Amino acid sequence: MKLFPALLLFLLAFLPLAEARTITDAAGRKVEIPDRIERVMAAGPPASVLAYVLAPEKLAGWVRAPGDAEKAYLLPAVRDLPVFGQLTGKGGTANIEAVLSAKPDLILDVGTVNATYSSLADKVQAQTGIPYVLIDGSFAGSAETLRKVGDILGVSERGETLATYAEAKLADLKQKLAMVPADKRPHVYYGRGAEGLETGLSGSINLEILEAAGATNVAAAAGKGGLTQVSLEQILGWNPDTILAASGKFAAAVKSDPLWANVEAVKQGRVFVTPSLPFGWFDSPPGINRLIGIAWLEKLLYPDVFTADLSGEVREFYKLFYQVELTDEQLAALIKGSAQVK
């Protein structure tokens with residue numbers, strides 16, 4: 001049946017309109033978002049993790065493709081999602097065409113919130129017409145982040161479940177850390193990359209979890225800021241009693257290179273590789289994944305105070321957040337870099 005234009009307009013007037021609502025993001029931006037969100041594009045790695053743990057079925061794709069080792073710890077349904085690249089940070093690879101091809105209802109960015117990220121969000125939103133929301137990714141605000149984004153994505157119940165876990169974990173951390181005297185808290189160097197000479201300064205989101213665990217970031221002596229390159233001479237001067245390595249290659253070099261031999265951490269055999277599957281426990285990315293990292297750090301740094309079974313905590317976290325059941329072999333592989341963890 002052919003409809004006249006006037007009649008067509010009349011009928012369209014009675015069709016239900018797509019509902020929308022306005023939220024205020026972490027940058028204070030007023031963003032109108034659809035009331036029902038089905039596809040989410042992550043602007044960077046922390047947002048990928050957050051979208052995955054809250055609503056894996058809504059994740060449009062990855063910032064970077066998971067490797068085979070990572071896929072084993074992810075739900076089968078998300079392992080081979082398309083890769084759109086990264087919108088934010090120094091590794092930014094996505095472009096407007098990639099954003100449009102993803103056809104998301106929402107672009108989610110989680111992490112540091114400042115004028116630079118706010119400007120980028122405004123620019124991308126203006127160019128694509130897709131709502132772009134900035135979320136504070138601070139570790140202390142993990143529970144609030146889970147609740148807020150759970151509400152935005154329409155999965156408030158799951159957001160509340162995960163937020164309750166985060167609150168309990170951080171409350172336990174605070175209570176037990178109060179029992180550890182200042183002179184019993186370790187001085188730690190965290191090295192990124194194969195050479196281990198990239199680290200975070202005081203205030204770096206990449207070292208936030210270390211400060212939350214009550215330890216001293218020795219690189220804070222070099223000033224305040226984000227990630228930076230340091231020299232071996234600086235590290236030798238700081239003389240950390242514990243070294244955390246993001247790379248197994250760096251950890252092996254530290255243990256065998258005579259230039260490191262007099263560092264207290266090496267003399268005491270306290271050089272550990274940070275677990276990293278499917279996402280880093282300490283960093284890489286500095287996202288909601290760090291909640292299991294804090295359990296690992298507690299046991300590593302204060303084994304006499306934090307006596308809970310780490311294996312049990314890891315199994316619980318992976319089942320609750322990543323929705324996967326770990327095998328005994330997978331569990332052992334995750335924590336093999338920590339000699340003090342049973």
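Both backbone and side-chain heavy atoms feed into the values below; hydrogens, waters and symmetry mates do not. Not measured: the values here are computed from a predicted model.
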Colleague: Compute the centroid of each ring, for W281 and then for F317, and state whether the two points are separated by less than 6.0 Å.
Modeller: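 No, too far apart.
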Colleague: Verify side chain to side chain contact (heavy atoms under 4.5 Å, CB included) between V78 and K71, making sure each step is shown before the conclusion.
Modeller: CA-CA 9 Å; V78 305; K71 288 180 180 180; over 6 Å; no
Colleague: Would you call K184 and D304 a salt bridge, using N to O less than 4.0 angstrom?
Modeller: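 No, no charged N to carboxylate O under 4.0 Å.
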Colleague: For the hydrophobic clusters of this structure (ILVMFWY residues joined by side-chain heavy atoms under 4.5 Å, transitively), does one cluster hold both F139 and L297?
Modeller: yes
Colleague: Is V149 reachable from I205 through a run of hydrophobic residues whose side-chain heavy atoms are each under 4.5 Å from the next?
Modeller: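 Shared cluster, no.
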Colleague: Of the non-hydrogen atoms in A51 and L59, which two are nearest, and what is the gap between them?
Modeller: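 Nearest heavy atoms, A51 then L59: CB-CD1, 3.8 Å.
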Colleague: State plainly whether one hydrophobic cluster holds both I335 and Y318, where clusters connect Ile, Leu, Val, Met, Phe, Trp and Tyr through side-chain heavy atoms under 4.5 angstrom apart.
Modeller: yes
Colleague: Do side-chain atoms of T161 reach the backbone of E157 as a donor and acceptor pair under 3.5 angstrom?
Modeller: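 Confirmed, T161 side chain pairs with E157 backbone.
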Colleague: Looking at side-chain heavy atoms only, is the closest gap between F84 and V99 below 4.5 Å?
Modeller: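 No, side chains not in contact.
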Colleague: For residues L207 and Y190, determine if any side-chain heavy atom of one lies less than 4.5 Å from a side-chain heavy atom of the other.
Modeller: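 SC-SC contact between L207 and Y190 confirmed.
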Colleague: Could you tell me whether the side chain of S276 and the main chain of F279 form a donor-acceptor pair under 3.5 Å?
Modeller: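 No: the side chain of S276 does not pair with the backbone of F279.
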Colleague: In chain order, what residues pass the side chain to side chain donor-acceptor pair (under 3.5 Å) check against K169, with sequence neighbours excluded?
Modeller: E298, E313
Colleague: Decide side chain to side chain contact (heavy atoms under 4.5 Å, CB included) for N239 and V263; before the verdict, give the C-alpha distance in whole Å, the side-chain angles of both, and the deciding distance to 0.1 Å.
Modeller: CA-CA 5 Å; N239 195 28; V263 174; 3.9 Å; yes
Colleague: Can you give me every donor-acceptor pair (side chain of residues 213-230, partner residue at least two apart or in another chain, under 3.5 Å) with its distance?
Modeller:
{"unit_1": "N217", "atom_1": "OD1", "unit_2": "A219", "atom_2": "N", "d": "3.1"}
{"unit_1": "N217", "atom_1": "ND2", "unit_2": "G200", "atom_2": "O", "d": "3.0"}

Colleague: Ion pair present between R290 and D283, side-chain N to carboxylate O less than 4.0 angstrom?
Modeller: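 Salt bridge flag = no for D283 with R290.
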Colleague: Between S204 and E208, is there a side-chain donor-acceptor contact under 3.5 Å, judged purely by atom types and distance?
Modeller: no
Colleague: For A115, is there any backbone N or O sitting under 3.5 Å from a side-chain donor or acceptor partner on S119?
Modeller: no
Colleague: What I'd like to find out is whether the side chain of M41 reaches to under 4.5 Å of the side chain of L106, using heavy atoms alone.
Modeller: no
Colleague: Between Y73 and Y322, is the ring-ring contact (aromatic ring centres under 6.0 Å, His included) condition met? List the steps.
Modeller: CA-CA 8 Å; Y73 294 88; Y322 300 153; 8.8 Å; no
Colleague: Nearest 0.5 angstrom please: E233 CD to S231 OG, how far?
Modeller: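 Between E233 CD and S231 OG, I get 4.5 Å after rounding to 0.5 Å.
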Colleague: Please report the shortest heavy-atom distance between I294 and L173, naming the atom on each side.
Modeller: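 Looks like CG1-CD2, 3.6 Å.
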Colleague: Starting at CG of L334, measure out to CG of L277 and round the result to the nearest 0.5 Å.
Modeller: 6.0 Å
Colleague: Is it the case that more than 12 heavy atoms not belonging to D68 sit under 6.0 Å from its CG atom?
Modeller: no
Colleague: Taking side chain as C-beta onward, heavy atoms only, is R315 less than 4.5 Å from D328?
Modeller: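 A side-chain contact exists here, since the closest heavy-atom pair is under 4.5 Å.
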Colleague: Rounded to the nearest 0.5 Å, how far apart are CG of L74 and CZ of R79?
Modeller: 7.0 Å
Colleague: Would a distance-only check, ignoring hydrogens and angles, find a side-chain to backbone donor-acceptor pair under 3.5 Å from E144 to G141?
Modeller: no
Colleague: Run the salt-bridge test on D172 and K176 with the 4.0 Å N-O cut-off and return the result as yes or no.
Modeller: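 Looking at K176 together with D172, the answer is yes, because their closest N to O distance falls below 4.0 Å.
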Colleague: Quick one, E160 with T164, criterion side-chain hydrogen bond (donor to acceptor under 3.5 Å, both in side chains). Give me CA distance, side-chain angles, the key distance, then yes/no.
Modeller: CA-CA 6 Å; E160 180 60 35; T164 299; 3.2 Å; yes
Colleague: Which distance, rounded to the nearest 0.5 Å, do you find between the CD of Q234 and the OH of Y189?
Modeller: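 Q234 atom CD to Y189 atom OH measures 8.5 Å (nearest 0.5 Å).
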Colleague: More than 12 non-hydrogen atoms from neighbouring residues, nucleotides or ligands closer than 6.0 Å to NZ on K267, yes or no?
Modeller: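 More than 12 heavy atoms, drawn from other residues, nucleotides or ligands, come within 6.0 Å of this atom.
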Colleague: Apply the side chain to side chain contact (heavy atoms under 4.5 Å, CB included) test between I33 and each candidate in T22, I130, V133; give the one that qualifies.
Modeller: V133
Colleague: Does any N or O in the side chain of D241 come within less than 3.5 Å of the main-chain N or O of A265, such that one atom is a donor and the other an acceptor?
Modeller: no
Colleague: For the backbone of L301 and the side chain of T242, can you confirm whether one donor and one acceptor N or O come within less than 3.5 Å of each other?
Modeller: no
Colleague: Does the side chain of P46 come within less than 4.5 Å of I288's, by heavy atoms?
Modeller: no
Colleague: What's the separation between atom CG in L134 and atom OG1 in T24, rounded to the nearest 0.5 Å?
Modeller: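 It is 12.0 Å, given to the nearest 0.5 Å.
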Colleague: Compare every heavy atom of S247 with every heavy atom of A194, then report the nearest pair and how far apart it is.
Modeller: CA-OG, 3.8 Å
Colleague: Does R192 reach the side chain of S284, with side-chain heavy atoms less than 4.5 Å apart?
Modeller: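 Side-chain contact under 4.5 Å: yes.
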Colleague: Would you please classify the geometry between the Y302 ring and the F306 ring as parallel, tilted or perpendicular, with 30° and 60° separating the classes?
Modeller: tilted
Colleague: Would you name the heavy atoms of L50 and V110 that are closest together and state the gap between them?
Modeller: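 Distance-wise, the nearest heavy atoms are CD2-CG2, 3.7 Å.
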Colleague: Do L201 and I235 share a hydrophobic cluster (ILVMFWY, side-chain heavy atoms under 4.5 Å, transitive)?
Modeller: no
Colleague: Within a 6.0 Å radius of atom CD on E195, are there more than 12 heavy atoms belonging to other residues, nucleotides or ligands?
Modeller: no
Colleague: If you measure from CG on D136 to CG on D109, what distance do you get to the nearest 0.5 Å?
Modeller: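 One finds 11.5 Å between CG of D136 and CG of D109.
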Colleague: Could you walk me through whether L300 and F272 pass the side chain to side chain contact (heavy atoms under 4.5 Å, CB included) test, one step at a time?
Modeller: CA-CA 9 Å; L300 192 73; F272 307 104; 3.6 Å; yes
Colleague: What heavy-atom pair brings L177 and A212 nearest, and what distance separates the two atoms?
Modeller: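 Closest heavy-atom pair between L177 and A212: CD1-O, 3.4 Å.
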Colleague: Is any NZ, NE, NH1 or NH2 atom of the basic residue among R21 and E32 found under 4.0 Å from an Asp or Glu carboxylate oxygen of the other?
Modeller: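 The answer is no: the pair does not qualify as a salt bridge.
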Colleague: Any carboxylate oxygen within less than 4.0 angstrom of a Lys/Arg side-chain nitrogen, looking at R29 and D122?
Modeller: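 Salt bridge: yes.
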Colleague: With side chain to side chain contact (heavy atoms under 4.5 Å, CB included) as the test, would you mind laying out the steps for D105 and V40 before giving the verdict?
Modeller: CA-CA 6 Å; D105 301 310; V40 180; over 6 Å; no
Colleague: Is the shortest side-chain heavy-atom distance between I135 and K148 below 4.5 Å?
Modeller: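 With C-beta onward as the side chain, the pair touches.
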Colleague: With a 4.5 Å limit on heavy-atom distance, are the side chains of L146 and Y165 in contact?
Modeller: no
Colleague: If you look only at pairs with a residue in residues 42-66, which of them pass as a side chain to side chain donor-acceptor pair (under 3.5 Å), with sequence neighbours excluded?
Modeller: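 Applying side chain to side chain donor-acceptor pair (under 3.5 Å) to every pair that reaches into residues 42-66, excluding sequence neighbours, yields R64-E70.
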Colleague: Do V113 and Y132 share a hydrophobic cluster, counting only Ile, Leu, Val, Met, Phe, Trp and Tyr and linking them when any side-chain heavy atoms are less than 4.5 Å apart?
Modeller: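 No, no single cluster joins them.
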Colleague: Does E264 have more than 12 heavy atoms from other residues, nucleotides or ligands lying within 6.0 Å of its CD?
Modeller: yes
Colleague: If you look at every heavy atom in A143 and A163, which pair is closest and at what distance?
Modeller: O-CB, 3.4 Å
